[in-house]
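Data first, discussion second: the structure below is written as structure tokens.
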Amino acid sequence: MSVTEPMAMPAQTAVQGGDMVDRHRLSTRLWHWTNAITIVIMLMSGLMIFNAHPRLYWGAYGANPDYAWLQIGATEASTGFVRVGTVTVDTTGVLGRWTDSDGMVRNRAFPSWATLPQSYNLALARRWHLTFAWVFAVGLAAYLLRSVVNRHLQRDLLPTAEEVRPAHIWSDIKHHAKLQFPTGVAALRYNILQKFAYLSVLIVLIPGMILTGFTMSPGLNASMPWLLDLFGGRQSARSLHFIFAMGIVGFIVVHLLMVVLAGPINEVRSMITGRYRLPKEKN
């Protein structure tokens, strides 16, 4: 998962649909694939951490007898379930109660194939999670610093006054719904929906995950107690951390879907080699 930085835009008179152009710098490609590995490891280790106490609360406190707004578990009748508020969904075989690769029935929130490590080990999951959190944070800091210096954020991601007009946004939504993607040199620019998605990740989801992660640290609670006030307690921070993580999962799913619909060979090749073939203009 990453917000990629395109190379300098070719002159519109120099290239046209069907031409092969340079799209992504080597540094951008390395950052993209590092992020992809890092996010997968952090999500899988995060699910193992969640398995240690598969309930989420609002406020400063949370324990088994307290009301949980989200719970994944198993009933005495041997069924798995997900409960959100007052709504309960039977998830037997998927979440809460499932069968592992050895044929053993497990009463655990997320199945072993989705967690890191696969066998229950909270301490090891925390090591994976916190180690790769640093990898992600350092890469993100370098990206943001570079994007400010070379004006990538202002030039490529900030919407223009024309782009935020309701008519323009609605037109872009209709084009996407009809799978009418930009062609020619226009395919190298971010459309308004991409800008909204990327900015939501950079401004809301990632900072939210970092700050709520800090709030759950007992050591940082002592040095930065204002975080507890900001998020309304460690349990609220834990709930928001989970929500932000699911938001990033949603972004990744949509991102991969758009890659498939726009032409996976061309899109993936551009992120491996840096070379991208401009979609041909329609007559």
Side-chain angles (χ1 to χ4, degrees), residues 1-6 23-52 109-150 152-153 156-157 190 194 197-217 219-220 237-260 264 267-274:
M1 186 279 296
S2 68
V3 182
T4 57
E5 178 183 350
R23 189 181 194 186
H24 299 300
R25 297 179 176 89
L26 176 61
S27 59
T28 298
R29 304 196 307 270
L30 291 174
W31 185 64
H32 175 275
W33 293 114
T34 300
N35 274 353
I37 296 171
T38 300
I39 289 295
V40 169
I41 291 175
M42 290 188 66
L43 285 171
M44 293 180 69
S45 58
L47 294 182
M48 174 55 74
I49 295 171
F50 180 87
N51 275 353
F110 289 98
S112 57
W113 62 262
T115 64
L116 184 70
Q118 290 191 329
S119 58
Y120 183 82
N121 190 322
L122 177 58
L124 185 56
R126 283 175 169 170
R127 292 193 191 102
W128 279 105
H129 200 73
L130 295 177
T131 298
F132 278 84
W134 279 108
V135 175
F136 185 65
V138 171
L140 177 65
Y143 166 81
L144 290 176
L145 179 61
R146 177 181 176 182
S147 296
V148 170
V149 172
N150 65 14
H152 167 55
L153 289 177
D156 300 318
L157 290 179
Y190 295 131
Q194 285 177 303
Y198 291 154
L199 287 174
S200 69
V201 171
L202 290 174
I203 296 176
V204 179
L205 297 181
I206 292 178
M209 285 198 65
I210 293 173
L211 290 175
T212 52
F214 285 169
T215 307
M216 290 185 286
S217 168
L220 290 177
R238 184 169 180 259
S239 290
L240 290 171
H241 195 75
F242 184 87
I243 292 171
F244 290 139
M246 292 304 102
I248 289 179
V249 171
F251 170 83
I252 293 172
V253 170
V254 174
H255 175 67
L256 294 177
L257 178 61
M258 290 296 102
V259 167
V260 171
E267 295 288 337
V268 173
R269 178 181 58 208
S270 73
M271 195 49 69
I272 295 176
T273 67

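Just the heavy atoms: all of them, side chains too, but no hydrogens, waters or symmetry mates, feed the values below.
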*Where do Ala197 and Ser200 come nearest, in terms of heavy atoms and distance?*
O-OG, 2.6 Å
Table please: side-chain donor-acceptor pairs of residues 128-138 below 3.5 Å, with sequence neighbours left out.
| from | atom 1 | to | atom 2 | distance (Å) |
| --- | --- | --- | --- | --- |
| His129 | ND1 | Met42 | O | 3.0 |
| His129 | ND1 | Ser45 | OG | 3.0 |
| Thr131 | OG1 | Arg127 | O | 2.7 |

*With Leu140, which of Leu202, Asn35, Leu145 fulfils side chain to side chain contact (heavy atoms under 4.5 Å, CB included)?*
Leu202
*Can you tell me how far the OG1 atom of Thr115 sits from the CE atom of Met48, to the nearest 0.5 Å?*
3.5 Å
_Under a 3.5 Å distance rule, please check whether Trp31 uses its side chain to pair with a backbone N or O of Tyr143 as donor and acceptor._
no
*To the nearest 0.5 angstrom, please state how far the OH atom of Tyr198 sits from the NE2 atom of His255.*
5.5 Å
*asked:* How long is the straight-line distance from OG of Ser147 back to CG of Asn150, given to the nearest 0.5 Å?
replied: 5.5 Å
*Smallest separation among heavy atoms of Ala237 and Met216, with atom names*: CB-CG, 4.4 Å
*What is the distance from atom OG1 of Thr38 to atom CG of Leu43, rounded to the nearest 0.5 Å?*
10.5 Å
*With rounding to the nearest 0.5 Å, note down the distance linking CE in Met44 to CD1 in Ile49.*
12.5 Å
*For residues Asn51 and Ala109, report the shortest heavy-atom separation together with the two atoms involved.*
OD1-CB, 3.1 Å
_Aromatic ring pairing Phe110/Phe50, orientation class (parallel under 30°, perpendicular over 60°, tilted between)_ = perpendicular
*What's the spacing between Ile243 CD1 and Thr212 OG1 if we round to 0.5 Å?*
10.0 Å
*Has the side chain of His24 got a donor or acceptor atom that lies under 3.5 Å from a matching backbone atom of Gly274?*
no
_On a heavy-atom basis, which atom in Leu211 and which in Thr215 lie closest, and how many Å separate them?_
O-OG1, 2.8 Å
_Heavy atoms from other residues, nucleotides or ligands near CZ of Arg126 exceed 12 (cutoff 6.0 Å)_ = no
_So which atom in Phe244 and which in Met209 form the shortest heavy-atom distance, rounded to 0.1 Å?_
CB-CG, 3.3 Å
_Donor-acceptor under 3.5 Å (Thr273 side chain, Ser270 main chain)_ = no
*Would a distance-only check, ignoring hydrogens and angles, find a side-chain to backbone donor-acceptor pair under 3.5 Å from Arg29 to Ile272?*
yes
